[in-house]
Trainee: 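The structure under discussion is supplied below as structure tokens; questions concerning it will follow.
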Amino acid sequence: MSSTGKINVQTENIFPIIKKFLYSDNEIFLRELVSNAVDATQKLKALSRMGEPTGDIENVSIEVEIDKVGKTITIKDKGIGMTKEEIEKYITQIAFSGAEEFVTKYKDKVDKNVVIGHFGLGFYSAFMVAKKVEIFSLSYKEGSQAVRWECDGSPEYTIEENQTHTQRGTHIVLHIADDCEEYLENHKIEGLLKKYCKFLPVEIKFGTKKEWTDQGEKDEKGEPKKTEIEVDNIINNPSPAWTKKPADLSDEDYKAFYRELYPMQFDEPLFHIHLNVDYPFNLTGILYFPKLSNKLEMPKDRIQLYCNQVFVTDNVENIVPDFLTLLRGVIDSPDIPLNVSRSYLQADGNVKKIASHITTKVASKLEDLFKKDRADFEKKWDDIKIFVQYGMLSDEKFYDKINKVALFKNTDGKYFTAEEYQNLINSNQIDKDNKTVYLYSTNALEQHAYIDAAKNRGYDVLIFDTMLDAHYINHLESKLKDAQFVRVDSDTVDKLIRKEETTVSNLTEDQQKQLQPIIEGTISKEQFTVQFESLTEKDAPMLITRPEFMRRMKDMNQMGGGGAMGFYGQLPDMYNLVVNANHPLIARILNETDADKQNALAKQASDLALLSQGLLKGEGLTNFIKRSVDLI
Ligand code: ADP
Ligand code: MG
């Protein structure tokens, strides 16, 4: 008995719209059809557990086959199957109403690849690549009659009883459209199965792979005889680590799963977090901390989002907080509403709870590590620092949780918590306004002379050398009580921490005025401000400092900051040329009567200051060398 019917839609041209709309993501058809096959298989197992007679539930693998000659792809399952009535109901009616709703709702919105499967439209994604689709199905129900359904993408379809399909379950046959023949390539389909189906809970076998193998016989030459045999290639791991109990997994298991997720990744993860929530939402997963470089870059190997072991996306933006996207691993949750566009995701209650749950978990994992093995935590600190800072900067709650274990590192390579550090500098680094002054260096090599001077004064110097540090320092100043951060080269050592008004000057004001233009003549006035200071005779005759405020504004501007910072970013680099009024060389310059000699001496002294800051380059450097030779 055969009948034809007309699919009930007002939009007669629904397929061209879906096809065009989804064109760039048409590869997801395979994910949709295979997950339907998985659903059908899981339903069968559930029914069997409930005592229904279902037949064999052991050998229920799903098979995906390519027929290059017939130009078809077939997805076979041994699941519950469908009766004629069920096909008409589930495939025809429901899906079509879903399609209509979909088209009206999402015509202009994006996020195609996550929408379709959750709109009762999964099956119809087949028409993105097929010009004709056949369904052969036999329901598990006793006495069922096999049926064949066929549709060419127009609202017209055929459904009839079928005699050739004798196995319980469903075969979906896609007659691949002429412009989609790439999908008839083995590597293409295998790649898609590995992408979307790698962890599906039912075994998936792919196609017929030809392999040469030794059958134990010899050929005429006495060589082992090679025979072409067909083997089924199993694609997936039906029980991936995140679905297991943490107690059943060893450290090695977690590492092995990391390699399974990211086969091209050779670095081992630093540590992992196993997520497992069932109230008020469902979420499982494993997150890994990779070794991060000092730069914030979009990671290539990203967190993968699954929905009941079906790969959905590796773009988890708006689902997990931005700073967590630096991690790797998987999150699996059936409670993330994938049928809405991404901009709505952030507002979704469940998504918010999920994000905050993950954040809390990550923070407590870090706390645990710190408490359990401080030495190991310190060893890992440089690799996770940028992540922690990013989190502290962008998430108040994370800051509050983590700030007890976030570390400072000083120029001797020692690590301190904020509290420990405060105690360390408490007596010596308080200025006259009662502020605690934190000295830091952004480059221990380049700023060596300044660090040395500060240390001789009994000060401690921190290392802040990552790209987030400028922002981080600002943040800390707003968080830590009475704290001020000053870069070690931003002033002379006496003035880094202003204690009380300092020593007497050997130069009178008149003498300073006399020297000012001579020294200004040695440098560019736009870039340098000449200042006299009364340092000791042991300090350098002249030195360059860079005011903390200006430099920080510029640093932050480089990181992107906009607003007022944009303005500071455009200013030229400004430095102070500090003249040590108490240095004998300065007195010598003052007392030199020969103007040429006087200028040369002044130039030599300011060049030396530039040189120690790495600011003397090109022609300036060449001239300096020549002049030095002459002087010698
Ligand atoms: P969804 O999977 O979201 O329900 P689909 O369009 O993918 O939407 O499938 C529609 C319905 O068709 C399914 O809910 C199921 O009842 C039925 N179906 C699809 N594929 C199969 C299959 N391989 N075996 C049994 N039933 C199926
Ligand atoms: Mg589906």
Side-chain angles (χ1 to χ4, degrees), residues 7 9 14-15 18-19 22 25-26 28-48 52 54-55 57 60-65 73-103 106 112-130 133-141 144 146-151 153 157 159 162 165 167-174 196-197 200-204 306-312 334 336-340:
I7 291 163
V9 268
I14 207 151
F15 290 120
I18 293 180
K19 189 167 172 169
L22 294 164
D25 293 311
N26 64 7
I28 60 141
F29 79 93
L30 194 60
R31 172 187 86 185
E32 293 305 325
L33 296 177
V34 175
S35 35
N36 282 350
V38 169
D39 287 348
T41 312
Q42 300 286 67
K43 282 180 199 162
L44 185 84
K45 287 186 183 171
L47 286 171
S48 164
E52 286 222 22
T54 55
I57 58 151
V60 285
S61 56
I62 292 162
E63 282 160 40
V64 179
E65 279 173 16
I73 299 175
T74 303
I75 295 107
K76 300 179 174 175
D77 70 61
K78 304 186 187 87
I80 50 170
M82 286 178 278
T83 61
K84 187 175 179 217
E85 290 70 34
E86 283 166 337
I87 292 189
E88 299 213 287
K89 185 166 166 212
Y90 297 131
I91 297 292
T92 313
Q93 285 167 17
I94 294 190
F96 269 80
S97 63
E100 242 195 289
E101 205 180 321
F102 172 80
V103 170
Y106 286 97
K112 314 147 184 184
N113 70 343
V114 288
V115 171
I116 196 154
H118 304 268
F119 235 82
L121 265 186
F123 173 76
Y124 278 95
S125 61
F127 288 99
M128 295 193 294
V129 298
V133 178
E134 288 174 279
I135 303 175
F136 295 89
S137 197
L138 176 60
S139 167
Y140 78 99
K141 289 174 194 152
S144 290
V147 278
R148 176 181 161 278
W149 177 94
E150 177 190 316
C151 181
Y157 67 91
I159 189 161
N162 177 275
H165 186 78
Q167 197 183 38
R168 179 200 65 212
T170 304
H171 295 185
I172 308 281
V173 184
L174 309 177
Y196 290 111
C197 307
L200 279 177
V202 178
E203 193 174 272
I204 295 159
Y306 288 76
C307 179
N308 292 325
Q309 293 175 243
V310 185
F311 175 84
V312 178
I336 297 175
L338 298 164
N339 56 337
V340 298

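Note that ligands are numbered from 1 as they come in the structure, with each ligand's atoms numbered from 1 the same way.
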Trainee: When the ring centroid of Trp149 is compared with that of Phe123, is the distance short of 6.0 Å?
Mentor: yes
Trainee: Using a heavy-atom cut-off of under 4.0 Å, does the side chain or the backbone of Asp77 touch ligand 1, or both, or neither?
Mentor: side chain
Trainee: With side chain to side chain contact (heavy atoms under 4.5 Å, CB included) as the test, would you mind laying out the steps for Val60 and Arg168 before giving the verdict?
Mentor: CA-CA 10 Å; Val60 285; Arg168 179 200 65 212; 3.7 Å; yes
Trainee: Would you say Asn36 has any N or O atom under 3.5 Å from an N or O of ligand 1, going by distance alone?
Mentor: yes
Trainee: For the pair Tyr124 (side chain) and Ile91 (backbone), establish whether a donor and an acceptor sit closer than 3.5 Å, ignoring hydrogens and angles.
Mentor: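 Yes, Tyr124 side chain to Ile91 backbone: donor-acceptor pair under 3.5 Å.
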Trainee: Can you tell me if Glu32 has a non-hydrogen atom under 4.0 Å from ligand 1?
Mentor: no
Trainee: When you measure from atom 15 (C) of ligand 1 to each heavy atom in Glu86, His171, Lys76, Lys43, which option holds the nearest one?
Mentor: Lys43
Trainee: Is any N, O or S atom of Ser35 under 2.8 Å away from the Mg ion (ligand 2)?
Mentor: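 Not a single backbone or side-chain N, O or S atom of Ser35 is under 2.8 Å from the Mg ion (ligand 2).
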Trainee: Is it true that a side-chain atom of His165 and a backbone atom of Gln167 form a donor plus acceptor pair closer than 3.5 Å?
Mentor: yes
Trainee: Taking N or O atoms only and a 3.5 Å limit, does Phe123 qualify as a polar contact for ligand 1?
Mentor: yes
Trainee: Report the C-alpha separation of Thr74 and Leu174 in whole Å, then their side-chain angles, then the decisive distance to 0.1 Å, and conclude whether the side chain to side chain contact (heavy atoms under 4.5 Å, CB included) test is met.
Mentor: CA-CA 6 Å; Thr74 303; Leu174 309 177; over 6 Å; no
